[in-house]
Amino acid sequence: MTLARLLCLVTLLAVANSTADRPNIIIMLMDDMGWGDVGVNGNWAKETPNIDKMAAEGMLFMDFYTANPLCSPSRAALMTGRLPIRNGFYSTNAHARNAYTPQTIVGGIHEYEELLPKLLKQADYKSKIIGKWHLGHRRQFLPCNRGFDEFFGSANCHFGPYNDVKTPNMPVYKNDKMIGRYWTNFTINKGSGESNISQIFLEEGLSFIEKQHQEENPFFLYWTPDATHGPNYASPMFHGKSIRGIYGDAVMEMDYCVGKILEKLKELGIDQNTFVFFTSDNGAATYRGASGGDNGPFLCGKETTYEGGMREPGIAWWPGSIPAGTITHQLGNIMDLFTTSLTLAGVKPPQDRIIDGIDLSPVLLDQTAPIIDRPIWYYRGNEMMAVRVGAYKAHYWMWTEFGNDPLKFTFCRGQYIQNVTVHDQINNTEQPILFNVNRDPGEKYIVNPKSKEYKTAMAIIDPIVKAHKEALEPGVPSLNYCDTAVQNWAPPGCEELNYCLPVPESNPKLCVWDH
């Protein structure tokens, strides 16, 4: 980096970190939205004009990843800046199984993990999460007990409806108290998928932004609606509008909400002092067939460590600081939002632990900055399945899902590649399967292990993997035990609504994770 460029970057960061001008931070995390669901990445349905405009006004990441192909671990990685294998959001009940936080989960995000909203308090940020939390639903794990000032949404997804006898409906919270339940009080039409919940989430976000602006507080808004997670829902103004059905309706509404939030920032004159990032928690759910999303040219989807499961839309927006109309091939990861946000706020990341997220601010703020050389890790549960270094991705383990039909894969609907999509867990650590995902994003053409290309790439990759494994200290797994007694029978605040349900006898067991 030249001296002139270095001075420019230092100046930009100094402005960002000054007491008066610390940027507001908004992270928009979609749920099960695929890389190919946005128009700027090639989607043909024309559902995302506002997201596309956001990209035109900011920076589009072509190679942005989540930290896990499933919702809960990826969200834990975002909040901690650490791989799920380090922060404990995985299971050791079986090898390489995806685990998450259903109602029956006993655990949640560990108390010793330092979460982004708590760290941002060091710079006087006010914080709010709106939508889906998914890092534990028991009282000690709820957002307002883990650093957030405000919470509107649910600790769980909107699964249901349930009968409140065998399984309770999911509570919706305002701060630390339940104000109702999905399906019962916050209604979703089971047949049509019509619901106003996304509009409620939007209004909560706009009100928070306006309030913090009036009070002259720097703020962190974590806006994470779940309408694009099945069962999908959309409000009447979008219901039936998309040619892709209810999923497309939900995408259209998410796009509308993104546009309204950015419009509010401009209206208040704080757009040039607000860093916004748009992405998704994991790839689209290909197991839903035509009712799921679009992963573009990539192989398979959610639950898998192929590109379709972990490469996500990524858009950074900060008028006046991030050059408009920029496209980058910087390898980015959802964990980087943790480190980058802290850097922009002038807060140091924790020094007593390994932080996997890198600071992307040099790439964001200086169009001439070089690409940061870093690996992308693909974990599935307790196993490192693959790694990407530069253009090359090496699969050390290969597994799609259990099954009997060698040509049929639920997580890879309509896709079959010999020796790549497999029903058995295949250990390739002695000779990893290698792809050049720049020229072969669909992971169709295996690089010949006898070729010079293979040997050159693996000579770089193998030492990186060896060093990673030698230094790895797995966290205590949070997702091993389940118990029907810890479901949302009597959440905080249920007494005030007269909506507490009888709690069954506790009987903790090892959770069963099928995939």
Side-chain angles (χ1 to χ4, degrees), residues 31 68 70-73 75-76 79 84 87-94 97-113 115 129 131-148 151-186 188 190 226 229-231 381-382 475-515:
D31 201 342
N68 190 271
L70 198 60
C71 43
S72 298
R75 293 162 189 265
M79 286 291 103
N87 66 37
F89 251 62
Y90 70 101
S91 173
T92 54
N93 291 356
R97 301 299 173 85
N98 290 314
Y100 69 111
T101 53
Q103 279 204 77
T104 54
I105 200 72
V106 172
I109 192 70
H110 286 306
E111 182 180 356
Y112 55 75
E113 288 295 327
L115 272 57
I129 170 176
K132 175 178 169 181
W133 172 235
H134 232 214
L135 299 187
H137 61 275
R138 301 173 72 191
R139 186 188 298 263
Q140 66 268 35
F141 304 126
L142 293 175
C144 290
N145 292 325
R146 295 314 315 272
F148 278 98
F151 173 34
F152 190 95
S154 179
N156 304 90
C157 198
H158 61 274
F159 292 136
Y162 301 116
N163 60 11
D164 282 343
V165 178
K166 184 178 179 180
T167 304
N169 281 307
M170 310 291 191
V172 174
Y173 285 87
K174 183 174 184 179
N175 300 328
D176 58 355
K177 291 185 178 181
M178 160 185 158
I179 56 172
R181 295 181 187 264
Y182 277 132
W183 301 94
T184 308
N185 312 101
F186 292 82
I188 303 171
K190 185 178 179 180
D226 66 351
H229 189 297
N382 58 351
V476 177
S478 297
L479 308 181
N480 277 353
Y481 285 93
C482 291
D483 187 349
T484 56
V486 304
Q487 294 185 99
N488 291 291
W489 303 107
C494 68
E495 304 90 347
E496 298 174 26
L497 300 175
N498 195 27
Y499 200 167
C500 301
L501 303 170
V503 180
E505 183 178 347
S506 178
N507 184 25
K509 298 178 180 178
L510 289 174
C511 306
V512 177
W513 307 114
D514 294 327
H515 39 71

Could you walk me through whether I105 and V486 pass the side-chain contact (heavy atoms from CB on, under 4.5 Å) check? CA-CA 7 Å; I105 200 72; V486 304; over 6 Å; no

Pair listing, salt bridge (charged side-chain N to carboxylate O under 4.0 Å, His left out) test, anchored in residues 482-509, at least two apart: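 Residue pairs with at least one partner in residues 482-509: K177-E496.
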
Residue pairs, two or more places apart or on separate chains, that pass salt bridge (charged side-chain N to carboxylate O under 4.0 Å, His left out) and touch residues 151-169: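 Listed once each, the pairs would be none.
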
Single hit among P491, C144, P143, S154 for side-chain contact (heavy atoms from CB on, under 4.5 Å) with Y173: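 Answer to the side-chain contact (heavy atoms from CB on, under 4.5 Å) test with Y173 among P491, C144, P143, S154: P491.
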
Closest heavy-atom pair and its distance - N68, P84: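 Answer, listing the atom of N68 first, then P84: CB-CG, 4.2 Å.
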
Where N98 and G381 come nearest, the two heavy atoms and their spacing: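 Taking N98 first and G381 second, the nearest heavy atoms are OD1-N, 4.5 Å.
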
In chain order, what residues pass the side-chain contact (heavy atoms from CB on, under 4.5 Å) check against [X], with sequence neighbours excluded?
X: F186; answer: F152, V172, I179, Y182, I197, I200
X: V476; answer: H110, Y112
X: P161; answer: N169, W183, K190

Value rounded to 0.5 Å, distance of CG in N87 from OG in S478: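 So the CG of N87 and the OG of S478 are separated by 7.5 Å.
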
Should the SG of C71 and the SG of C157 be checked, would they turn out to be under 2.5 Å apart?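 Answer is no, sulfur atoms not closer than 2.5 Å.
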
Test log, rule side-chain contact (heavy atoms from CB on, under 4.5 Å), inputs Y162 and Q487: CA-CA 12 Å; Y162 301 116; Q487 294 185 99; over 6 Å; no

Taking only residues two or more places apart in sequence, or in another chain, which ones meet D226 in a salt bridge (charged side-chain N to carboxylate O under 4.0 Å, His left out)?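 Testing D226 for salt bridge (charged side-chain N to carboxylate O under 4.0 Å, His left out), a comparison that skips the adjacent residues, returns none.
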
Trace of the side-chain contact (heavy atoms from CB on, under 4.5 Å) decision for H134 with S72: CA-CA 5 Å; H134 232 214; S72 298; 2.9 Å; yes

